[in-house]
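This report concerns only the one structure given below.
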Amino acid sequence: MLNEKYRTITEIHDAFDAKKLSPVELARDTLAAIKASKHNAFLLALEDRAMAAAKKADRILAENGKVPRETYPLLGIPLALKDNMVLEGVRTTCASKMLENYVPPYTGTAVERLEKAGAVFVGKTNLDEFAMGGSNENSAFGPVEHPTFPGYVPGGSSGGSATAVKAGFCVAALGSDTGGSIRQPASYCGVVGLKPSYGRVSRYGLVAFASSLDQIGPFANSVEDAATVLAVMGGHDPLDSTSSERPADPYVANLKKDLDWSKIRVGIPKEYFIDGVDVSVKKSVRETIDWVAKQGAKIVDISLPNTPYAVSVYYIVAVSEASSNLARFDGVRFGVRPPDAMQVEDIADFYKKVRANFGPEVKRRIILGTFALSSGYYDAYFRKACQVRRLIKNDFDRVFKDCDVILGPVAPSTAFKKGEKASDPLKMYLNDILTIPCNLAGLPGMSVPCGKDEKGLPIGIQVIAPQFRDDVVLKVGHAIEKGMTK
Ligand code: GLN
């Protein structure tokens, strides 16, 4: 377990430099803590891989005397990854019975780049099955416990990664965000969670859910650490045709200078403060905005009028793409074949047996998506959803003429109790209203802790900027983080 003194990359590197701690010691402690933990945040501890990486980090440290931070910005740093990203030779389940025994033959680009920078991957984290969900109750391997409030959900679908960072099992963790799965659990658990711009981080090695929405991003205890992880893993990758050729910005160096708030116009969308948003969430976010105004920022009231349609659009686009992406899990190309799968009359029966491996939420989405894409309904649902998606994007393009960044809540409420929404999928879907628009428009968004509700549950503020202005999101988020923890 990470001790309170060693929560960020800089704290750990300083301890390495001062010989108070070594990468091997840290990896050993972390692995032991993961194995003893009761959160169910991990589906697998990566003992051999982590110890080998930690030993290598020890050697590099011994050769250099101090951490060579330029070449190895993540030397000896324990990281975790959501179990929908592949590592060569390591089981990847997507928290599904369907992939219970799947061992991929390659490693994804993001992870490969982080390992080259010295990172020590200690485990694969739990998630909602195939990243479909918002509470981590949809995992075939059991729900994840909230890191500080037992009985509460950590959020989802990357709840395992959020819990792992908050509870001190790693310094940063990778998640994937299709409709909010990084920002929402970050907000619920009280950590930083960044969904980069669409195209910023290669998705090579991420099991696809909805390809026009998915992005990989970091959870961390500080905005600076999130920036470090993004700087290492971001940038063009020829193996992902949707990754942008635009070079990554110097995200970390940018944070060294203080932000000049007087140059920043902050947009506050009225649609993000509607009745369904909890009073405590509104209050905390408003207080943060007041603080931002006091620093000299110009506050601009804006309107994103198509926000009310975001949930409907998302739950057509995402399920349609999912139904197509998940067609590969058929027991022939990918997916577990139950023992009796071959004792069938015909191919339809075979599919039925194999695809029974999916859990109820995944099945629901495949059925909805297949329906929305079927020839008789395509125009009424999928095409229409794509058109409204464009209107949502146009809303953002328009308001970004008047502001540089948008601030608002991440989720309508704080973390809820396990079981509270599990039986009502619609309730769960509506909870995504404030995170989904970013995905539909390809924008970067980040959750930064900004307060607590009356029970003490964490609240995050969402920072949104135009596509590829991840640098702005980080810069503004960093300034808020510093201001709010003063
Ligand atoms: N909660 C959303 C969903 O269930 C978001 C999921 C995600 O971002 N992976 O689809």
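Whatever order the structure lists ligands and atoms in, that order sets their numbers, starting from 1.
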For Tyr315, the atoms of ligand 1 under 4.0 Å from one of its heavy atoms are 1 (N), 2 (C), 3 (C), 4 (O), 10 (O)
Classify the ring geometry of Tyr377 against Tyr381: parallel below 30°, tilted from 30° to 60°, perpendicular beyond 60°.
tilted
How far is atom 7 (C) of ligand 1 from the closest protein heavy atom, and which atom is that?
Ser181 OG, 2.4 Å
Using a strict 4.0 Å cut-off to heavy atoms of Tyr314, name the atoms of ligand 1 that fall inside it.
2 (C), 3 (C), 5 (C), 6 (C), 10 (O)
Check Phe130 against ligand 1 and report side chain, backbone, both or neither, counting heavy atoms closer than 4.0 Å.
neither
What atoms in ligand 1 come closer than 4.0 Å to a heavy atom of Gly179?
5 (C), 7 (C), 8 (O)
Does ligand 1 have any atom that is closer than 4.0 Å to a heavy atom of Ala318?
no
For residues Leu127 and Ser139, determine if any side-chain heavy atom of one lies less than 4.5 Å from a side-chain heavy atom of the other.
no
Under 4.0 Å from one or more heavy atoms of Ala131, ligand 1 contributes atoms 6 (C), 7 (C), 9 (N)
Taken to the nearest 0.5 Å, the spacing of Tyr198 OH from Leu443 CG works out to 13.5 Å
Proximal ligand 1 atoms for Asp177, defined as those under 4.0 Å from one of its heavy atoms:
8 (O)
Compute the shortest N/O to N/O distance between Gly156 and ligand 1 and return yes if it is under 3.5 Å, no if not.
no
Calculate, to the nearest 0.5 Å, the distance between atoms OG and CG belonging to Ser181 and Leu213 respectively.
11.0 Å
Contacting atoms of ligand 1, where contact means under 4.0 angstrom from a heavy atom of Phe209
9 (N), 10 (O)
Mutual orientation of the aromatic rings belonging to Phe169 and Phe42 [parallel < 30°, tilted 30-60°, perpendicular > 60°]
perpendicular
Would Gly133 count as being in polar contact with ligand 1, using the rule that some N or O on each side must be under 3.5 angstrom apart?
yes
Pairs of nitrogen or oxygen atoms closer than 3.5 Å, one from Ser176 and one from ligand 1: do any exist?
no
Ligand 1 to Asp432, heavy atom cutoff 4.0 Å, flagged ligand atoms 1 (N), 2 (C), 3 (C)
So Thr163 and Asn136, do their side chains get closer than 4.5 Å, heavy atoms only?
no
Do you know which of Phe130, Tyr102, Tyr351 makes ring pair (Phe, Tyr, Trp, His ring centres under 6.0 Å) with Phe329?
Phe130
Does Ser413 form a side-chain hydrogen bond (donor to acceptor under 3.5 Å, both in side chains) with Asp278? I'd like the steps, not just the answer.
CA-CA 5 Å; Ser413 74; Asp278 278 4; 4.7 Å; no
One residue to check: Arg365. Relative to ligand 1, which of side chain, backbone, both or neither has a non-hydrogen atom less than 4.0 Å away?
side chain
Parallel, tilted or perpendicular, as decided by the 30° and 60° cut-offs, for the rings of Phe400 and Phe396:
parallel
Can you find an N or O of Met132 that's nearer than 3.5 Å to an N or O of ligand 1?
no
How would you list, by chain and number, every residue that makes a ring-ring contact (aromatic ring centres under 6.0 Å, His included) with Tyr204, sequence neighbours excluded?
Tyr106
